[in-house]
2 protein chains.
Amino acid sequence: MAAPTPTTDIAVLGALSVEPMSGYELRGAIQDVLGHFWSESFGQIYPALNRLREQGLVAARPGERASSSVYSVTAQGRARLSELLSSPIRDRPPRNGLMLRLFFGRHLGLDQCLALLDETEAANRAQLAHLRDTQTEVERENLPDAPYFLITIDLGIRTCEATLEWVDDARERLRGAEPAASTRPRR
Amino acid sequence: MAAPTPTTDIAVLGALSVEPMSGYELRGAIQDVLGHFWSESFGQIYPALNRLREQGLVAARPGERASSSVYSVTAQGRARLSELLSSPIRDRPPRNGLMLRLFFGRHLGLDQCLALLDETEAANRAQLAHLRDTQTEVERENLPDAPYFLITIDLGIRTCEATLEWVDDARERLRGAEPAASTRPRR
DNA sequence: CCGGCCATGTAATGTGTTACATGATTTA
DNA sequence: TAAATCATGTAACACATTACATGGCCGG
């Protein structure tokens, strides 16, 4: 029902411009490589592929498996991609659940705030490791897109690093602000 | 129509717990103070306030103006806030339009990529200045919430700083990768 | 031969913004 | 007195996820 929006088209045309693949693989590729700043679900991808095919922006050829298709970008599709990339950026307003909870953390309690910081640390360490792996892989492959891929990865890495430094600092600050709260027994 | 979700309730109850205010002021407060990580529209706020009032979580008293109400959190509301703050975080998957465009920046062209970096720099400088102002203000007011407010502001500042450093680096990298493209006259 | 992955697709549902409608109050 | 701001609220729309449904293929 929901006609996918132009932004989904950018992700789909862009990913297919790097390498032709099936809708299923497309989802995986977007998750793996663009996962730290983008996401697409099957509910968006399949309708988008069909629509883009009807518009002549992608071409489908039978895949190895009977039920699968391999999609590739047509010349028109490349033109459309350039056009879409120039279109104004309209991001949804931010909604960061972690920050919201920490902001009102006084009502949550010190222990739970520290637990949130622990989770954040773990998530960012994992993310950082994944980004470094991807970085190494991209550097090895020597694609024409490499400089562009690498700067986006670099921002991800810097953001993770800044967040990890912040976690350490935030922990100390919260412990300092309410020294006895976490160890005080309930009377 | 759309029943506001629990996350809106956190923002509304949390903001009102700091200081009672009208729905209109609530929007402004969320924009000013939580704006770098959260957002609520009137279409969410007003239905939420009415629902929370029916549930006895907030109380409304007439404001200075005839058509306005000042909402404050009740004891039940405070309990509910603590509960909501402990609920699992379910963020929407990320969708960063800038990163998406830079990732496929080869199809956009060097000049437009550099323009995107310029916009990013300007936006982050402005954001950083605003965060520093807010930081100073919070430190001056000496609220019990201050430590929690300050750590969220600090993450914002660190993220801006990291992004600004990244912009410089990204510019150099892109210029180095396609040295002649930006100055080459069209034949 | 069965569990898990590959593969496609649709319908229902949730979530949230934008646009619209209305009117009081303040300020220039 | 006109424009801007304060103030509340609803309806329509846009966007995306989740759940569901279906079936082929492969390895153990």
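Protein chains get the first letters and strands the later ones, always in sequence-line order, with residue 1 at the start of each.
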As a test of reading the structure: which of [options] is closest to the side chain of [X], going by heavy atoms?
X        : options                   : answer
Thr7(B)  : dG16(C), dG23(D), dT10(D) : dG16(C)
Ser68(A) : dT17(C), dT8(C), dT10(C)  : dT8(C)
Ser41(B) : dT5(D), dT18(C), dT10(C)  : dT18(C)

Sugar-phosphate, base or nothing in reach of Arg95(B), heavy atoms under 4.0 Å: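 Since only primed, P, OP1 and OP2 atoms lie under 4.0 Å of Arg95(B), the category is sugar-phosphate.
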Cluster overlap Val70(B) with Ile30(B), hydrophobic side-chain contacts below 4.5 Å: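 No, Val70(B) does not connect to Ile30(B) through the hydrophobic network.
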For the pair made of [atom1] in [X] and [atom2] in [N], what is the distance, rounded to whole Å?
X        : N       : atom1 : atom2 : value
Ile45(B) : dT15(C) : CD1   : P     : 17 Å
Tyr46(A) : dC20(D) : OH    : C1'   : 15 Å
Arg90(B) : dG16(C) : CZ    : C1'   : 16 Å
Glu40(B) : dA7(D)  : CD    : C1'   : 18 Å
Gln44(A) : dT10(C) : CD    : P     : 13 Å
Gln31(A) : dA16(D) : CD    : C1'   : 15 Å
Asp91(B) : dT18(D) : CG    : C1'   : 17 Å
Asn50(B) : dG9(D)  : CG    : C1'   : 8 Å

N or O in side chain of Tyr24(A) less than 4.0 angstrom from dC6(C) OP1/OP2: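 Tyr24(A) to dC6(C) OP1/OP2: side-chain N or O found under 4.0 Å.
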Point-to-point distance, once rounded to the nearest 0.5 Å, from OH of Tyr148(A) to CG of Leu174(B):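 With rounding to 0.5 Å, OH (Tyr148(A)) is 5.5 Å from CG (Leu174(B)).
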Upstream residue (5' side of DNA chain C) when Phe42(B) and Leu49(A) are each assigned their closest nucleotide: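 Checking each residue's closest nucleotide, the 5'-ward one belongs to Leu49(A).
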Closest-nucleotide ordering on DNA chain C, the 5'-leading residue of Arg65(B) and Arg92(B):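 Going by which nucleotide is closer to the 5' end, it is Arg92(B).
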Ser39(A) or Tyr71(B), whichever maps to the more 5' nucleotide of DNA chain D: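 The residue closer to the strand's 5' end, by nearest nucleotide, is Tyr71(B).
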Within 6.0 angstrom of Glu141(B) CD, more than 12 heavy atoms from elsewhere: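 Yes, the 6.0 Å shell around CD holds more than 12 heavy atoms from other groups.
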Derivation and outcome, side chain to side chain donor-acceptor pair (under 3.5 Å), residues Gln31(A) and Ser39(A): CA-CA 6 Å; Gln31(A) 234 168 33; Ser39(A) 151; over 6 Å; no
Partner of His107(A) by side-chain hydrogen bond (donor to acceptor under 3.5 Å, both in side chains), out of Ser17(B), Ser86(B), Ser82(B):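 Single pass found, and it is Ser17(B).
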